[in-house]
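For the numbers below, each heavy atom of this structure counts, side chains included, while hydrogens, waters and symmetry mates do not.
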Amino acid sequence: MMIQPAAFSAGIIAFSEQRFFHPFEIISRGLAGLVFVLYADSAIYPWLIRWLGYGLLAVSVGLLCTPPSLHRHFARWSAVQFKEWFRWCGLAFLPAAAFLLFVAWTSMTG
């Protein structure tokens with residue numbers, strides 16, 4: 001994403017053309033959200049993890065209500081529209097990812 005934004009964009013477009021794209025997006029977000037909600041109490045910031053979990057569940061429900069063709073169109077559109085932003089978004093989200101790993105690690109190690 002940060003190193004080759006054009007390749008990342010092309011990957012999003014290619015993935016959106018797969019038959020399993022829409023169900024995969026719904027299931028993966030729903031499962032991640034469910035895990036976040038179920039294990040939030042063991043995290044050092046339970047309110048944040050629970051909030052992220054409910055957000056992922058809301059996106060999953062929203063995708064359930066979205067026709068696959070519209071979801072596919074949005075994925076293609078956003079991959080092209082935001083290609084120039086991928087590098088900066090990746091840099092901005094590195095600290096967020098590191099923080100989530102820290103929260104997960106401290107939750108597992110007590």
Residues H71, E25; criterion side-chain contact (heavy atoms from CB on, under 4.5 Å); working and verdict: CA-CA 10 Å; H71 184 199; E25 295 272 312; 3.5 Å; yes
Any donor-acceptor pair under 3.5 Å from H22 side chain to S16 backbone: no
Donor-acceptor contact present, side-chain T109 to main-chain W105, <3.5 Å: yes
Smallest separation among heavy atoms of C89 and M1, with atom names: CB-CE, 4.1 Å
Aromatic contact, W77 with F82 (centres under 6.0 Å): yes
Heavy-atom side-chain contact between I49 and L100 under 4.5 Å: yes
I26 vs V59, side-chain contact (heavy atoms from CB on, under 4.5 Å): CA-CA, chis, key distance, verdict: CA-CA 8 Å; I26 294 168; V59 170; over 6 Å; no
Heavy-atom closest pair, residues V103 and A43: CG1-CB, 3.9 Å
Check: I12 and R76 side chains under 4.5 Å, non-hydrogen atoms: no
Interatomic spacing from CG in L63 to OG in S28 - rounded to 0.5 Å: 9.0 Å
Pair Y45 and F99, ring centroids less than 6.0 Å apart: yes
Same apolar cluster: F20 and L70, side chain cutoff 4.5 Å: no
Rounded distance (nearest 0.5 Å) linking atom OG of S60 with atom CD1 of I27: 8.5 Å
Near-ring test Y54/F36, centroid separation under 6.0 angstrom: no
Those residues that, when tested against R72, pass side-chain hydrogen bond (donor to acceptor under 3.5 Å, both in side chains) (two or more places apart): none
Straight-line distance of R87 CZ to I3 CD1, nearest 0.5 Å: 8.5 Å
Interatomic spacing from CG in L52 to CG in L57 - rounded to 0.5 Å: 11.0 Å
Working for side-chain contact (heavy atoms from CB on, under 4.5 Å), residues T66 and F74: CA-CA 11 Å; T66 303; F74 176 75; over 6 Å; no
Any side-chain heavy-atom pair of E84 and P5 under 4.5 Å: no
Spacing of Q4 atom CD and S9 atom OG [to the nearest 0.5 Å]: 12.5 Å
Straight-line distance of M2 CE to W88 CH2, nearest 0.5 Å: 11.0 Å
Residues, nucleotides or ligands: over 12 heavy atoms within 6.0 Å of F21 CZ: yes
Full working for side-chain contact (heavy atoms from CB on, under 4.5 Å) between I13 and V80: CA-CA 9 Å; I13 292 168; V80 172; 4.0 Å; yes
